[in-house]
**Q** 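This is the structure I want to talk about, given as structure tokens.
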Amino acid sequence: MSAAAPAFLEVSDLRIGFPGRAGDVPVVHGVDFALSAGETLALVGESGSGKSLTALSLIDLLPGGARRLGGRIRIGENQLDTLSSNAIRKIRGGEIAMIFQDPLSALNPAFTVGRQLTDAIRSHHPLSRGAAAKRAEELLDLVGIPSPKARLHSFPHEMSGGQRQRVAIALALASGPKLLIADEPTTALDVTVQAQIMALLARLRQELGLAILLISHNLDLVAEICHRVAVMYAGRIVETNTVEEIFRRPQHPYTRMLLDCIPRLDDRPGPLATIPGEPPLFGKLPSGCPFRPRCPAAHERCLAMPPAFPQEAGQAACWLAA
Ligand SMILES: Nc1ncnc2c1ncn2[C@@H]1O[C@H](COP(=O)(O)OP(=O)(O)OP(=O)(O)O)[C@@H](O)[C@H]1O
Ligand code: SF4
Ligand SMILES: [Mg+2]
């Protein structure tokens, strides 16, 4: 990866909310990040921090009621926030693909893997059925499915969870996307298969020059394949840095506490560390720093919101790091 490569995806001041009785209730509050071709950025944070909403807004697939309240999203040459839903749908089908925790959500149980792949390929490329079947076989091979020609005739239920996720990835690659968004793609799989799918994503990034936005709870797992990490808390990115620096010198108390929760082989037996308290409830942020009620380092100054931080290495949304 070249550090100077221009960003393929640029998100600035992204705000997302749900309608409330007294107007929109913001849940994502001004998210900024950038992602270059051939780079993997991990978006990590506890449940409810806004990771999926951030990702879904990039493909204009926010869940019912949610809407983008502001901000700019540039993908390649396209400024998404200025385009119609129809125009965004075309970009979504071509340049951007997404995979989810449950591969079955992307696969149709009634059709063979080959049929689904050839249909997807032909919807993007003007190929005969035979040429599309050949391409489908190549895609299955690319994602590491053994005997790909024979597996074209399998139905999703005839495959293991890990194989189904590989097929869902092959399906996502059918259009030849430049950006792959993976929302918790391994959470439903056992530990060995999780590592295999992560290794596959790393290989695809390298071989195809994909930009990958990887959403995960699991900092340990993302460390294996990501270049940079953005840590989200209560709808904000509170720290961004290279994966090495996040592990070596975390700046934000929340990042430090997330890292402390990773089980380590050399740990003495005992209960696993957890972050005390709960993230703020939907639409109910505390005054000042949103992490204040759970932060062991909170002090008087934290009653005011820490200043927004530039998206540069080694900065964090915390008075102590400012
Ligand atoms: N359909 C919805 N209706 C109302 N609120 C929602 C809906 N989807 C998400 N939210 C709220 O938006 C916030 C962010 O949700 P989001 O799904 O982005 O979190 P997440 O970080 O992806 O969590 P998880 O790790 O559990 O997937 C949460 O507080 C959640 O309560
Ligand atoms: S600003 Fe204060 S409360 Fe917030 S994370 Fe930093 S020290 Fe903790
Ligand atoms: Mg989510």
Side-chain angles (χ1 to χ4, degrees), residues 11 14-21 23-31 33 41-69 71 98-102 105 181-188 213-219 221-222 229-240 250-261 275-309 314-322:
V11 176
L14 175 67
R15 284 169 285 123
I16 300 167
F18 285 92
R21 255 178 282 168
D24 287 313
V25 182
V27 289
V28 170
H29 310 262
V31 157
F33 63 89
L41 171 71
L43 210 49
V44 302
E46 286 167 293
S47 190
S49 54
K51 306 180 297 295
S52 294
L53 289 181
T54 298
L56 290 168
S57 74
L58 304 181
I59 50 173
D60 201 35
L61 275 185
L62 284 170
R67 69 181 190 97
R68 206 166 34 76
L69 303 178
M98 187 153 180
I99 54 168
F100 299 90
Q101 179 176 329
D102 177 9
S105 63
I181 302 172
D183 191 350
E184 304 273 4
T186 62
T187 307
L213 179 65
L214 175 66
I215 295 174
S216 182
H217 286 94
N218 190 331
L219 258 172
L221 205 59
V222 304
V229 179
V231 181
M232 268 192 102
Y233 185 75
R236 288 183 169 82
I237 291 180
V238 297
E239 178 164 7
T240 311
Q251 299 293 309
H252 197 284
Y254 179 60
T255 311
R256 284 201 283 273
M257 293 168 90
L258 277 181
L259 288 167
D260 286 343
C261 295
I275 303 180
E278 301 283 337
L281 288 174
F282 174 68
K284 296 210 184 316
L285 288 179
S287 58
C289 172
F291 192 52
R292 185 172 52 85
R294 306 172 75 190
C295 181
H299 51 294
E300 220 166 277
R301 209 173 177 191
C302 309
L303 287 164
M305 180 67 98
F309 70 107
Q315 311 240 14
C318 169
W319 284 114
L320 297 178

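Atoms within a ligand are numbered from 1 in the order they appear, just like the ligands themselves. Along the sequence shown, residues are numbered consecutively beginning with 1. Side-chain atoms are counted along with the backbone in the values below, which use heavy atoms only and exclude waters and symmetry mates.
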**Q** What protein atoms of element N, O or S are positioned under 2.8 Å from atom 4 (Fe) of ligand 2?
**A** C289 SG

**Q** For the backbone of A297 and the side chain of H299, can you confirm whether one donor and one acceptor N or O come within less than 3.5 Å of each other?
**A**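 Flag set: sc H299 to bb A297 pair under 3.5 Å.
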
**Q** What pair of heavy atoms forms the shortest contact from L43 to K51, and how long is it?
**A**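 For L43 and K51, the tightest heavy-atom pair comes out as O-CD, 3.6 Å.
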
**Q** Has R15 got a side-chain atom pairing as donor or acceptor with G30's backbone, closer than 3.5 angstrom?
**A** no

**Q** Does a salt bridge link R67 with D24, judged by any charged N lying under 4.0 Å from a carboxylate O?
**A**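 Yes, R67 and D24 are salt-bridged.
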
**Q** Do the ring planes of F291 and Y233 sit parallel (below 30°), tilted (30 to 60°) or perpendicular (above 60°)?
**A** perpendicular

**Q** What I'd like to find out is whether the side chain of E278 reaches to under 4.5 Å of the side chain of P293, using heavy atoms alone.
**A** no

**Q** Is L69 close to I16 at the side-chain level, that is, under 4.5 Å between some pair of heavy atoms?
**A**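 Not touching, per the 4.5 Å side-chain cut-off.
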
**Q** Is the backbone of E239 close enough, under 3.5 Å, to the side chain of Q251 for a donor and an acceptor to pair up by distance?
**A**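 Side chain of Q251 to backbone of E239: no pair is present.
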
**Q** Which distance, rounded to the nearest 0.5 Å, do you find between the CZ of F33 and the CG of L41?
**A**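 Output value for this atom pair is 6.5 Å.
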
**Q** Is H252 reaching over with its side chain to a backbone N or O of A317, donor-acceptor style, under 3.5 angstrom?
**A**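 Pair found, side chain donor or acceptor close to backbone of A317.
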
**Q** Less than 3.5 Å apart, N/O on ligand 1 and N/O on the protein: could you list those pairs with the distances?
**A**
| unit_1 | atom_1 | unit_2 | atom_2 | d |
| --- | --- | --- | --- | --- |
| ligand 1 | 18 (O) | S52 | N | 3.3 |
| ligand 1 | 18 (O) | L53 | N | 2.9 |
| ligand 1 | 19 (O) | G50 | N | 3.4 |
| ligand 1 | 21 (O) | S49 | N | 3.1 |
| ligand 1 | 21 (O) | S49 | OG | 3.4 |
| ligand 1 | 21 (O) | G50 | N | 3.0 |
| ligand 1 | 21 (O) | K51 | N | 3.0 |
| ligand 1 | 21 (O) | K51 | NZ | 2.9 |
| ligand 1 | 22 (O) | S52 | N | 2.9 |
| ligand 1 | 22 (O) | S52 | OG | 2.9 |
| ligand 1 | 23 (O) | G48 | N | 2.8 |
| ligand 1 | 25 (O) | K51 | NZ | 2.8 |
| ligand 1 | 25 (O) | H217 | NE2 | 3.1 |
| ligand 1 | 26 (O) | S47 | OG | 2.4 |

**Q** Is the shortest heavy-atom distance from the side chain of V238 to the side chain of M232 under 4.5 Å?
**A** no

**Q** Does the side chain of E46 come under 3.5 Å of the side chain of Y254 through a donor N or O and an acceptor N or O?
**A** yes

**Q** Excluding sequence neighbours, so at least two apart, what forms side chain to side chain donor-acceptor pair (under 3.5 Å) with D60?
**A**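 In terms of side chain to side chain donor-acceptor pair (under 3.5 Å), with neighbours along the sequence ignored, D60 is linked to S85.
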
**Q** Which N, O or S atoms belonging to the protein are less than 2.8 Å from the Mg ion (ligand 3)?
**A** S52 OG

